[in-house]
Every structure is written in C-alpha cells, then in structure tokens.
Amino acid sequence: MALYSDKVMDHFQNPRNVGKIDDADGIGEVGNAKCGDIMRMYIKVKDGIITDCKFNTFGCGSAIATSSMATELIKGKSVEDALKLSNQAVVEALDGLPAHKIHCSVLAEEAVRAAVKDYYDKNGIAYNAEEFQIHDCEHCSE
Ligand code: FES
C-alpha cells in the first residue's frame with residue numbers, strides 16, 4: 001500500500017483555499033517546535049458561520065494536506081462546529097496518514113481553534129479558556 005492516500009497527495013499537490021484573507025475576522029497561527037513547521041489560518045465569519053477560510057502553511061506535505069482539508073471541512077460551518085473539528089476527523093477525511101505524520105494533523109486542528117479563539121477575542125465573545133488549551137499529542141515526541 002502507498003504510504004500516502006490519493007486524497008493526501010491530491011490535497012498536497014492541489015491545496016484548496018491557499019492564501020490570506022486581508023480582512024479576516026480571526027487569524028490563528030500555530031507551530032510545531034520540533035519540526036519547525038508553521039501554519040496560519042484565516043477565517044471570515046458572518047452570523048456565526050464561517051463564510052471563507054484560507055491558510056498558509058510553511059511545512060511538510062502532510063501539514064499542507066491537513067490544513068487544506070481542514071479549510072474544506074469548516075467552510076460553511078458554524079464557529080462552534082469548527083471548534084469540534086478534531087485532527088482525527090481531518091485524518092479520516094484524507095483516508096488516513098502514516099502514524100509518524102499524525103502530529104501534522106494536530107497542527108491543523110490547533111490552527112482552526114486558534115483562529116476561532118482570535119475571532120472570539122476580537123468580538124468580545126466569552127468562552128471557556130480550558131477549551132483552548134493545547135493538548136499533548138502522543139506522536140509529537142517522535
Ligand atoms: Fe512538521 Fe508535518 S513534519 S507538521
């Protein structure tokens with residue numbers, strides 16, 4: 001079996017929603033200190049719905065593929081639903097990732113959450129800070 005699924009290769013080679021939103025309502029930037037990869041996610045929100053979403057990722061192919069898929073999964077969704085996006089859901093939507101690349105999908109989940117948090121902060125929307133704590137990923141020590 002190929003190391004990467006066709007979907008991963010497709011989203012790596014033709015990433016969706018690449019770029020920047022100049023008047024974004026929320027911007028999230030996260031990085032993985034171990035590999036040095038950085039992901040920036042922009043969201044545009046209207047009436048609680050994410051109407052547009054773009055990303056810039058300076059990182060590995062899996063980080064690019066997972067951020068691309070994450071934008072596809074949250075576009076058109078409510079910010080609350082975007083917050084529920086798990087890295088596992090991104091991995092499943094990509095038909096899997098090798099175990100040593102799962103940490104790249106964690107970056108995508110965190111970038112979405114950071115963008116939503118920024119949106120909440122900018123709009124004075126109250127939230128439970130615990131929801132935004134970065135969780136430990138068992139794969140990140142690899
Ligand atoms: Fe750093 Fe993939 S190796 S995010």
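Just so you know, residue 1 is the first one in the sequence shown, and it goes up from there. For ligands, and for the atoms within them, numbers begin at 1 and follow the listed sequence.
K77 is not listed as a side-chain neighbour of I50, based on a closest heavy-atom distance of 4.5 Å or more. With a 4.5 Å cut-off on side-chain heavy atoms, T66 and L94 count as touching.
Near K101, meaning under 4.0 Å from one of its heavy atoms, ligand 1 places the atoms 2 (Fe), 3 (S).
Summarising the geometry of V8 relative to Y4, their closest heavy-atom pair is CG1-CD2, 3.7 Å, with the distance given to 0.1 Å. Between V30 and L107 the shortest heavy-atom distance is CG2-O, 3.5 Å.
I27 belongs to a hydrophobic cluster whose remaining members, ordered by chain and number, are I21, Y42; membership requires side-chain heavy atoms of ILVMFWY residues under 4.5 Å apart, directly or through intermediates.
Protein atoms that are N, O or S and lie under 2.8 Å from atom 1 (Fe) of ligand 1 are these: C35 SG, D37 OD2.
Under the 30°/60° scheme for interplanar angles, the aromatic rings of Y120 and Y127 are found to lie parallel.
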